Each structure stands twice: as structure tokens, then as C-alpha cells.
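Okay, so here's the structure we're looking at.
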Amino acid sequence: MPELPEVEIIRRSLVDKLEGRRIHGVEILLPRLIKWPSAYEFQALVTGKTIQKLERKGKYLILQLDDSMMLVIHLRMTGRLYFVDNEEKTDRFTHIIFDLGEGCKLLYADTRTLGTLYAMPASELWRIAGLAGMGPEPLTAEFSLAYFRGLVHARKGRIKALLLNQKLIGGLGNIYVDEAMAIARIDPDRLACSLNDQEAGRLYEAINQVIEDGINHGGTTFRDYRDGTGKSGSHQNYLAVYGRKGQPCKLCGTPIERKEVAGRGTHYCPNCQR
DNA sequence: ATCTGCTCCTGGATGC
DNA sequence: TGCATCCAGGAGCAGA
């Protein structure tokens, strides 16, 4: 599941290949992935435009085209975006093909087809509620300790639900949330407002740390995730709890457990996190 | 404000 | 081995 680190690695792996290239045409094999406007209009809006910038906000990739046209992509669970410069065969999961000329293509593939694509002028980005309403991201000045403490103090719900809420913090998903809570030794079942200042501070540091580590390790590859050139990440080899049910905690040896918290599968050490 | 539950979707894991 | 069922979860939404 691509979260902030994975999307950032995809962006970095594609930026030099995409910026300055012209979109000669778009082949849309699965129109329902285009959420705005219609697939037909989407095609018309991006065809002939040059990719000026490739940016990321939270888990969204944003291709800034000519005339402030924005091509926005969210990979959701199994979306993949990658660049090819030869006549590679495309598999049955390739749903959208951007022809970049000179034999180069940008492919959108997605096994579970939950991903979403949009095209609109910059002035209309408010249409994408999840993008327009996104909270500050880890590792930015806006995501300050004071901001985080304020959130934690004010929220009555579970701390895990807070961390997953993109309106409050942008870019975290299930894997990095479980990891941050493990590193900070916080029980994911705790209510946010029950955390004291010291615990909130530990969690704040852990969030920034797991995101930074995830990026430095090229992302976490469980099954589907690859960067824009097809390369896997390695952060799965460094995980404290996620996907390690039954395996010993790296700190105390207690078997990692899994339960449902805030509607999500949640991995934790029952000894370290309480 | 916050919760639960549902929807989208399919490959892989599990159960018998 | 084969078939049926369950599960993964990002995000949006309805309804409580």
C-alpha cells in the first residue's frame, strides 16, 4: 500500500524522466478510474500538454502541466505508476497509457482498480476533497510538535484513528502508523487525549522517524509496491511490528499480536505498548 | 465529534 | 487437487 514514503520514492524515480516531456496521447482502457471530469474530457485536457513539474502531496502525485492544468493521481491500494522507454508488453492490469513520444510511455497499472485519476485547472483542485483538505505532512515545518500535541490533546477518539486521518496529518497509512506507535511504545487502543506530553512527544518523533526511514529505504514492498522504474523498496526488512504477527518483538521477544483497532488490522507488541 | 458499517476491487491465503 | 469463502485497506459516505 503506497503511503507517503512510497509515493515520494515514485516521484523521485520519475521526476527526471517526466519533467519536460509532452503527453502525445492517452489511452484509457478502464474509464471508471477517471474520477473527474469524464474520461473523454480527461483525455482532451491532458493531450498535447507538457509535464512541467511532478509533485507530491500526502499520498497524491500531482503532474503540473501547461496552462496550470493539473493531472492528479492517487494509487490507493495497488496502483502503480511507471515509465517505460521501449515496446515492453503491458500486462492485463495496465489501465491507462500516457504516450510520451519517442517510444516512451507512462503506465498506470492497478490490480484492484481502486486508484483514482483527475484532471482540472489548478483553480479547481478544491474538487478533490482529500487533497484540498489534507493536514500537514510529517517532516515539514507545519507539522510541529505544538501542532501535534494540540491534536492529541483535543481528540477524544483512538490515537490510531487520529494518525490515519488525512485531514489531521497527511500521508500516513496503516503500515507507518503501526510502526510509529510501536517505536513510541504506545498502545494503539489508547484514546488520543489520554496521552501525556511525554508520550505525545515520543509519538511525534517516531512518526517523523518512520517516514524518514521509509524514504531512506526506498519504501516498503509487501507485494505490489514498486517505484517508477520497477524497483522494490527494502523497508519491509526493518519493520518492528507490521506483518510480523507471531514473530518476536525486536525489543523484548514477546510475540507480536494483531487485532482490529479503528477498523484496521493493527500490529503491536502487547508488552512494550501499553 | 466520532463511531460503525458499507462500498469500491481482486489476488492470494485459508478452510473443508 | 478443487472449489468456496475470507481478507487486505485508502478513502468517501450514510446513518447513528
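We use all heavy atoms of the structure for the numbers below, so side chains are in, but hydrogens, waters and symmetry mates are not. Because the structure is predicted, anything quoted here is derived from the model rather than measured. Residue numbers begin at 1 in each chain, while the letters A, B, ... track the order of the sequences.
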Tabulated below should be each protein N or O lying under 3.5 Å from an N or O of nucleotides 1-5 of chain B; please produce it.
{"from": "B:dT2", "atom 1": "OP1", "to": "A:Lys156", "atom 2": "N", "distance (Å)": "2.6"}
{"from": "B:dT2", "atom 1": "OP2", "to": "A:Arg155", "atom 2": "NE", "distance (Å)": "3.2"}
{"from": "B:dT2", "atom 1": "OP2", "to": "A:Arg155", "atom 2": "NH1", "distance (Å)": "2.4"}
{"from": "B:dC3", "atom 1": "OP1", "to": "A:Arg158", "atom 2": "N", "distance (Å)": "3.2"}

Counting just side-chain N and O atoms, does [X] come under 4.0 Å of either OP1 or OP2 of [N]?
{"X": "A:Arg223", "N": "B:dT10", "result": "no"}
{"X": "A:Gln166", "N": "C:dA11", "result": "yes"}
{"X": "A:His74", "N": "C:dA11", "result": "yes"}

A:Gly130 or A:Leu114, whichever maps to the more 5' nucleotide of DNA chain C = A:Leu114

So which one's nearest nucleotide on DNA chain C is more toward 5', A:Lys167 or A:Tyr242?
-> A:Tyr242

Over how many whole Å does the gap from [X] atom [atom1] to [N] atom [atom2] extend?
{"X": "A:Leu33", "N": "C:dA11", "atom1": "CG", "atom2": "C1'", "answer": "15 Å"}
{"X": "A:Lys59", "N": "C:dA11", "atom1": "NZ", "atom2": "C1'", "answer": "9 Å"}
{"X": "A:Lys245", "N": "C:dC7", "atom1": "NZ", "atom2": "C1'", "answer": "12 Å"}
{"X": "A:Arg264", "N": "C:dG12", "atom1": "CZ", "atom2": "P", "answer": "12 Å"}
{"X": "A:Asp224", "N": "C:dC7", "atom1": "CG", "atom2": "P", "answer": "19 Å"}
{"X": "A:Met77", "N": "C:dA11", "atom1": "CE", "atom2": "P", "answer": "10 Å"}
{"X": "A:Leu164", "N": "C:dG12", "atom1": "CG", "atom2": "P", "answer": "13 Å"}
{"X": "A:Leu117", "N": "C:dA11", "atom1": "CG", "atom2": "C1'", "answer": "15 Å"}

With a 4.5 Å heavy-atom cut-off, do [X] and [Y] have their side chains touching?
{"X": "A:Ile186", "Y": "A:Leu195", "result": "yes"}
{"X": "A:Thr90", "Y": "A:Val84", "result": "no"}
{"X": "A:Arg12", "Y": "A:Leu14", "result": "no"}

With a 4.0 Å cut-off, would you call A:Asp91 and A:Arg80 a salt bridge?
-> yes

Can any side-chain N or O of [X] pair as donor or acceptor with the backbone N or O of [Y] at less than 3.5 Å?
{"X": "A:Thr50", "Y": "A:Arg22", "result": "no"}
{"X": "A:Lys59", "Y": "A:Arg56", "result": "no"}
{"X": "A:Arg258", "Y": "A:Thr266", "result": "no"}

Could you check whether A:Tyr176 gets within reach of a base, just the sugar-phosphate, or nothing at all, counting any heavy atom under 4.0 Å?
-> nothing

Pick base, sugar-phosphate or nothing for A:Phe222, based on heavy-atom distances below 4.0 Å to the nucleic acid.
-> nothing

Same hydrophobic cluster for A:Leu61 and A:Tyr118, using side-chain heavy-atom links shorter than 4.5 Å among ILVMFWY?
-> no

On the ring face of A:Tyr268, is A:Lys259 found with NZ or CZ under 6.0 Å from the centre and within 45° of the axis?
-> yes

The side chain of A:Arg32 lies closest to which of these nucleotides: C:dA8, B:dC9, B:dG11?
-> B:dC9

Nearest to side-chain heavy atoms of A:Met1, which nucleotide of B:dG12, B:dC9, C:dG10 | C:dG10

Net bend of the helix from B:dT2-C:dA16 to B:dC16-C:dG2, end axes of five pairs each, nearest 10 degrees = 50°

Donor on one side chain, acceptor on other, A:Tyr176 and A:Glu6, under 3.5 Å | yes

